[in-house]
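Positions are given from 1, in the same order as the sequence printed here.
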Amino acid sequence: SGILRERQVMLIAAPSKAGKTWLAVALMWALATGGEWLGARCARTRVVYCNMEVSPASFANRCEAVRGEMGIPHDAARMVDVLSGRGAGYDANRLVEAVLVHLGGTPACVVVDCLYAIETGNENDAEAIRALFAELNRLTRAGCSVVGVHHFPKGSSGMKASVDRMAGSSVFARAPDALLSLDPLDVDPRGEAGAELAEQGYSAYRLSFDLRDFRPRRPIDLIFTGTRFVRDVGGLLGGAYIKGSPQANGAHSGRANAERAEADWKRKAALVGEAVSAAALEGANPTMEYVRDYYNSHRGGYGLARVSVGTIANWTKP
């Protein structure tokens with residue numbers, strides 16, 4: 001609802017090992033039961049899940065783990081067909097033919113996880129990727145919806161707009177009717193959110209929507225538990241930025257500057273305290289001048305610059 005119509009193509013893109021399959025499996029169960037997926041209502045429909053990457057046993061375990069966490073009954077599996085293509089050498093044409101023969105004219109939502117497994121050319125070649133989507137559109141003409149799972153290039157994509165974060169040709173951004181970008185968030189480990197995530201061993205993501213036929217949809221923040229993506233309904237991640245973005249880099253710089261300033265201040269305070277202690281041992285009065293002279297004569301060991309009496313006075317104001 002509000003994301004994808006029947007007979008349309010959607011792409012879910014994310015970095016490697018971000019949990020794309022877990023996200024797609026949750027969508028599979030929501031479609032099979034007519035439930036909700038990340039707050040969006042799904043029409044109940046048959047699903048053909050083309051598992052091109054994970055071993056059949058591992059994929060079955062993932063499906064069961066997500067089904068159990070979502071509280072979905074066993075009989076929902078009647079609405080799901082799994083095509084395991086790992087090592088089978090499917091290209092886009094062979095996969096589409098296999099799905100169409102299997103369906104026999106019955107419409108379904110076809111999930112292809114991942115698209116790189118059925119590419120026959122260079123993913124940077126626009127003609128090759130246009131041919132890939134032409135094959136997927138054979139499914140839409142047969143009454144199916146298509147959900148493709150794709151990856152980001154290596155390195156940080158946070159500096160790019162959401163439609164430009166995917167690996168390969170720009171056709172990946174233009175061809176789908178809906179593009180969902182799953183981006184890791186840079187969460188301050190010293191803050192409340194960072195501490196809570198670290199304690200649970202969870203990670204944080206932001207899902208952005210670029211939609212052709214629906215009004216703009218606000219990004220949603222997600223917490224990945226390792227088996228399931230859960231919406232951050234409490235706003236725990238509201239202040240986090242996408243990793244590699246200018247905002248995240250600026251926050252990193254700000255934290256680094258604050259940490260340096262804090263460490264610098266601790267060294268200054270320690271040396272002033274040492275000067276006062278030295279005065280007590282000598283039976284001297286720890287005047288501003290005494291502290292300044294002691295400070296300047298010992299500053300080298302602390303890596304500090306010279307100071308004046310005025311500076312000492314400012315530091316020791318009530």
Next item on the list: Look at the side chain of K268 and the backbone N and O of A263, then say whether any donor-acceptor pair between them is shorter than 3.5 Å.
Entry: no
Checklist line | Ring-face cation contact, Y294 with R299, 6.0 Å cut, 45° max | finding: no
Margin query: So that I know where these two stand, are F172 and H150 an aromatic pair - ring centroids less than 6.0 Å apart?
Written below: yes
Next item on the list: Measure from NZ or CZ of R217 to the centre of the six-membered ring of F209, then state whether that distance is under 6.0 Å and the direction lies within 45° of the axis.
Entry: yes
Next item on the list: Please check if the distance between the ring centroids of F229 and W37 is under 6.0 Å.
Entry: no
Notebook entry, point to check: Does the side chain to side chain donor-acceptor pair (under 3.5 Å) test come out yes or no for E53 and Y116, once each step is laid out?
Noted result: CA-CA 9 Å; E53 190 175 41; Y116 78 83; 2.9 Å; yes
Check: Where is the tightest heavy-atom contact between T106 and C144, given as atom of each residue plus distance?
Finding: O-SG, 4.5 Å
Note to self: To the closest 0.5 Å, what do you measure between CD1 (I72) and OG1 (T33)?
What the structure shows: 4.5 Å
Next item on the list: Look at E97 together with R94 and state whether they make a salt bridge at an N to O cut-off of under 4.0 Å.
Entry: no
Checklist line | Electrostatic pair E135-R138, nearest N-O below 4.0 angstrom | finding: yes
Check: Hey, are R231 and D221 close enough for a salt bridge, meaning a charged N less than 4.0 Å from a carboxylate O?
Finding: no
Next item on the list: Taking only Lys NZ, Arg NE, NH1 and NH2, and the carboxylate oxygens of Asp or Glu, determine whether D183 and K243 approach each other closer than 4.0 Å.
Entry: no
